[in-house]
Structure formats: C-alpha cells, structure tokens
Amino acid sequence: MEALKKTATEQQTQTHHNQQTPFLLSALINSFSIYSCDPTPSAYSFIIKTLTQNSQFDQLPFVLDHIQNVENFEPPEQIFSHLIRVYGYANRIDDAVELFSRIPSFRCTPSALSLNALLSVLCKRKECLQMVYPVLLKAQVMGVRLEESSFRIIINALCKIKKIGYAIQMLEMMFEYGFDPDSTLYSCILSAMCKIKGISSVEVLGFFEVMRQKRFSLNMLDYTNVISLLVKVGKGMDSLGLLEDMKLDGIKPDVVVYTIVLDGVIASGEFNKAEELFDEMLVLGIVPDVQTYNVYLKGICMQDKFEAGFKLVFCMEELGCKPDVITYNTLIGALCKVGKVRRANEVLRKMRLKGFQENLHTYNMLIEGLVSEGEVVEACKLFEDMLNKGFVPMSFTCDVIIGGLCKKGLISQALQILKEMVKRDTTPGFSAWESLLSMSKMSLKEATSIDLVLS
DNA sequence: AGCTGGTCCC
C-alpha cells in the first residue's frame with residue numbers, strides 16, 4: 001500500500017501515454033505482487049479516489065473490470081456509493097446509473113446506501129427526474145429495500161418540481177413500508193403546496209388539518225405559509241383565526257406574520273381591525289419595520305387620509321425606521337389614483353431631495369396619473385426623463401401614453417412612442433393598437449407610417 | 001417567510 005501510494009504521488013508529476021492497462025492499476029498489481037499478497041479493497045478505493053480526483057474517468061472501467069473479473073474479495077458497498085456520487089458531480093449520469101445496476105456483479109449486495117446516492121444524483125437535476133421511477137423499479141428487482149431516507153430524497157425532489165400529488169402518494173407509500181413520516185416531510189409538502197399558483201386554499205387547509213390531527217408541533221413557517229396563502233387568495237380575514245391558533249400553539253408571531261395578516265385585513269377593507277392588529281402588535285413588543293409601515297400606510301391611503309399618511313412617514317423618520325422607495329411609491333400611487341397628481345409630483349420631488357432614486361413603478365404611476373388628468377405633455381416629459389435615466393419602459397406604460405396622445409389628436413407623437421417601443425423590442429398591447437387605429441382622422445401619410453413601423 | 005396596481009375581448 002505504501003509502495004502504491006508512493007508511485008501514485010510520483011505519477012502526478014509525470015505524463016504518460018495510453019496503455020492497455022492504466023498506469024495506476026498496474027502499479028497496484030505490481031506493488032502487491034512484490035509482497036505476494038492480494039490487493040485489498042482499500043487499495044482499490046485508493047486508486048479510484050486518486051483517479052476521480054484527477055478526473056481520469058477514462059481509466060475507471062479498467063479498474064472496475066479488474067475488481068469484477070480478477071479479484072475475489074467482497075468489496076464494501078461504500079466504494080460504489082461513493083463513486084456514484086462522484087459520477088454525479090462530474091455530470092456522468094449514465095455512468096452512475098450503470099454502476100448501480102452492476103453492483104451485484106462485484107460480489108456486493110446493494111442496499112439503500114447506493115440507491116440513495118443514485119437518487120440524490122438524479123433528483124438534483126430536473127432532466128434526470130424521469131429516470132427516478134425506472135431506477136426504483138430496477139432497485140426492486142435487485143432486492144434493494146427503500147429506506148426512510150430514500151423516501152425523503154424523492155419527496156423533496158417532487159416538492160421542488162411541485163408534483164404535490166405524487167409527493168403525497170409517496171407519503172402514503174411510506175406507511176405501507178412501515179415508516180412513519182415525520183413532520184418535516186409534511187412541512188415540506190405544505191410549503192410546496194402554498195407556492196403553487198392557483199392552488200385551492202381548501203386543499204391546503206385540508207392538508208394543514210391533517211398535520212394538526214397528527215399532533216405534529218407546527219412551526220412558524222407552517223403557519224406563515226398558510227397565512228400568506230390565505231391572504232393571497234383574498235381571504236385575509238380568515239388569517240386572523242390562524243394567528244390566534246398560532247398563539248394558542250405557543251408560537252409568538254413575529255413581525256413578518258403580523259405584516260402579512262395586516263396586509264390581508266387591509267386588503268379586505270377592515271380598517272378598524274387593522275388598527276386593532278397594529279396596536280396588538282405593539283403591545284406584544286413586536287417592533288414594526290419598514291415593510292409593516294408600508295402596509296399600514298397603504299391602509300391609511302386607501303381611506304384617503306393623506307394627511308395622516310404624510311404624518312406617518314414623518315413618524316417613521318422620527319422612530320428611526322427610514323422610509324424607502326416603496327413608502328414613497330405607496331403615497332404617490334394613492335395620490336395619483338384620486339387625481340392628486342400635483343401632490344404626487346411633490347412627493348417625487350421630496351423623495352429625490354432625500355436622496356432616493358425613483359424606480360420604474362414611480363414613473364408608471366405618475367405617467368398614468370398625468371394621462372388620466374389630461375396632462376399628456378407632462379406625461380411625455382416624464383417618459384423621456386425615464387428613458388434618459390436608462391429605465392426600460394413597460395409596454396403597459398407606453399400604451400397609456402399612446403392612448404393619451406391619440407385622445408388629444410397628437411398622432412405623430414403617438415407614432416414616435418410606438419417607434420421608441422419597437423426600438424426597444426417592446427410589444428405594444430392591445431389598447432395601443434386600438435387607440436392608434438381608432439383615429440378616424442388619421443391621414444394616409446400617418447397610416448403608412450404605422451405600416452413602416454410594423455414592417 | 002412579509003411591502004408598490006400592473007398588461008386583449010367576454
């Protein structure tokens with residue numbers, strides 16, 4: 001073994017040409033035959049490690065063939081499970097799968113150790129997931145028994161690709177195998193469920209109920225996931241119940257949970273309840289952060305209480321919770337919505353003075369606000385300002401301006417915007433075409449101009 | 001894990 005290791009170290013500094021028997025393998029055979037003993041499994045382990053570390057994968061088949069056909073020892077399974085993982089890292093998926101199937105031919109009985117190695121390799125790659133099922137069938141034929149850890153790998157992979165139905169089936173299969181899946185598997189599925197868009201909240205709540213009946217100790221994330229889903233599907237008031245359950249469960253809701261629930265309550269227009277919730281939070285000693293204040297500010301603005309809104313922003317500064325772009329955007333958006341574009345513009349000026357850079361959202365809201373007030377020329381100025389600052393306009397915003405310009409009969413300016421869009425690879429929306437084409441007074445020359453842009 | 005409105009017609 002010492003002789004082999006010495007040879008292996010020397011070999012690294014030498015280059016050598018292709019031979020029938022690779023250098024390290026013959027070194028192994030020689031080193032042991034000098035002392036008239038047989039190579040040990042750990043000697044093979046050593047050269048396999050050396051070869052993989054040097055990325056000499058082309059030599060591995062010779063070594064494996066030698067173990068299979070010449071030696072008689074029963075190699076430990078770790079040699080193969082390790083090599084399967086290494087093949088995975090090297091992106092040699094077919095080699096990994098083939099080695100797994102071949103394990104019995106090495107006088108070794110494969111177990112979940114190798115199977116899990118292969119499953120991990122396959123589950124890490126989206127394009128390999130389709131191979132998981134055939135591998136499981138193969139494993140069954142080979143007499144490999146799935147372990148709890150095997151199920152864990154598969155369920156995690158299924159959750160990642162949002163195949164919740166299959167994940168639940170695997171969960172049920174675990175019972176058939178005599179395993180009792182723990183709460184982490186359920187949490188994993190629950191969290192994946194909540195991320196699926198268009199999932200029915202009834203289904204999620206049903207699953208959540210199963211978790212409760214199993215008397216799992218639910219964690220903060222479980223509650224947060226479900227609460228956030230309820231808010232997303234517009235059942236903000238239902239999230240209040242879960243907030244209570246959470247407290248009864250001994251979990252102290254944090255600022256994130258309160259912010260989500262507050263958002264849900266405000267979205268439902270229950271402003272009194274929102275006040276109550278905000279107070280409750282303060283009483284519990286939870287310090288609102290900028291995101292909480294932004295949600296709270298949205299509620300105030302929804303009630304058109306702009307003075308209170310400005311005051312809140314001032315208080316934030318006093319309390320050391322610096323407002324951010326979203327805070328100012330919330331004010332700007334609310335002001336534009338009720339036609340107070342002038343005041344919205346003042347907010348823009350103020351935020352710039354405070355050193356904040358407006359973003360795409362700020363421009364979108366102000367431009368739309370100006371257009372709906374009939375101030376198309378101002379809107380165009382702002383649009384230009386936005387382009388100069390390097391913002392990529394949203395097609396929606398362009399549509400709004402084109403609509404506004406057409407309404408005022410400013411067709412050539414509208415066409416200018418259209419050209420600007422085409423230049424930036426932005427596709428005009430339906431309403432932009434509608435505005436342009438509905439101009440019955442459009443002259444032939446301008447119609448041709450559209451033609452040119454289109455072609 | 002949470003905050004800003006966001007994209008055709010019906």
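Here the structure is a predicted model, which means the values were calculated and not measured. Here is how names work: the chains are called A, B, and so on, in the same order as the sequence lines, proteins then strands, and each is numbered from 1.
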Spacing of [X] atom [atom1] relative to [N] atom [atom2], expressed in whole Å:
X        : N     : atom1 : atom2 : answer
A/Met246 : B/dG2 : CE    : C1'   : 12 Å
A/Tyr258 : B/dG2 : OH    : C1'   : 15 Å
A/Asp263 : B/dG5 : CG    : P     : 11 Å
A/Asp324 : B/dG2 : CG    : P     : 15 Å
A/Met220 : B/dG2 : CE    : C1'   : 12 Å
A/Leu331 : B/dC3 : CG    : C1'   : 13 Å
A/Lys195 : B/dA1 : NZ    : P     : 7 Å
A/Leu297 : B/dG5 : CG    : P     : 11 Å

Given [options], which nucleotide is nearest the side-chain atoms of [X]?
X        : options             : value
A/Asn359 : B/dT4, B/dA1, B/dC3 : B/dT4
A/Thr224 : B/dC3, B/dG5, B/dA1 : B/dA1
A/Lys298 : B/dT4, B/dA1, B/dG2 : B/dT4
A/Thr259 : B/dG2, B/dA1, B/dC3 : B/dG2
A/Ile326 : B/dT7, B/dA1, B/dT4 : B/dT4
A/Gln291 : B/dA1, B/dT7, B/dC3 : B/dC3
A/Asn329 : B/dA1, B/dC3, B/dT4 : B/dT4

| task | For the residue pair A/Asp385 and A/Tyr363, confirm or rule out a side-chain donor-acceptor distance under 3.5 Å. | result |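 Yes.
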| field | salt_bridge(A/Glu307, A/Arg343) N-O dist < 4.0 Å | value |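 Salt bridge present between A/Glu307 and A/Arg343.
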| Spacing of CD belonging to A/Glu270 relative to CD belonging to A/Glu275, to within rounding of 0.5 Å |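 One gets 12.5 Å once the value is rounded to the nearest 0.5 Å.
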| query | Out of curiosity, A/Lys337 NZ to A/Met365 CE, how far, rounded to the nearest 0.5 Å? | reply |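 Interatomic distance, A/Lys337 NZ to A/Met365 CE, rounded to 0.5 Å: 10.5 Å.
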| Hey, are the side chains of A/Leu277 and A/Val265 touching, using non-hydrogen atoms and a 4.5 Å cut-off? |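 When only atoms from C-beta onward are counted, A/Val265 and A/Leu277 do touch, with a gap below 4.5 Å.
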Contact class for [X] (heavy atom, under 4.0 Å): base, sugar-phosphate, or nothing?
X        : answer
A/Val231 : nothing
A/Asp289 : base
A/Asp254 : base

Can you find a donor-acceptor pair, distance only, under 3.5 Å between [X] side chain and [N] base?
X        : N     : answer
A/Thr292 : B/dG2 : yes
A/Asn364 : B/dG5 : no
A/Ser395 : B/dT7 : yes

| query | Closest heavy-atom contact between A/Val371 and A/Ala379? | reply |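 That closest heavy-atom pairing would be CG2-CB, 3.7 Å.
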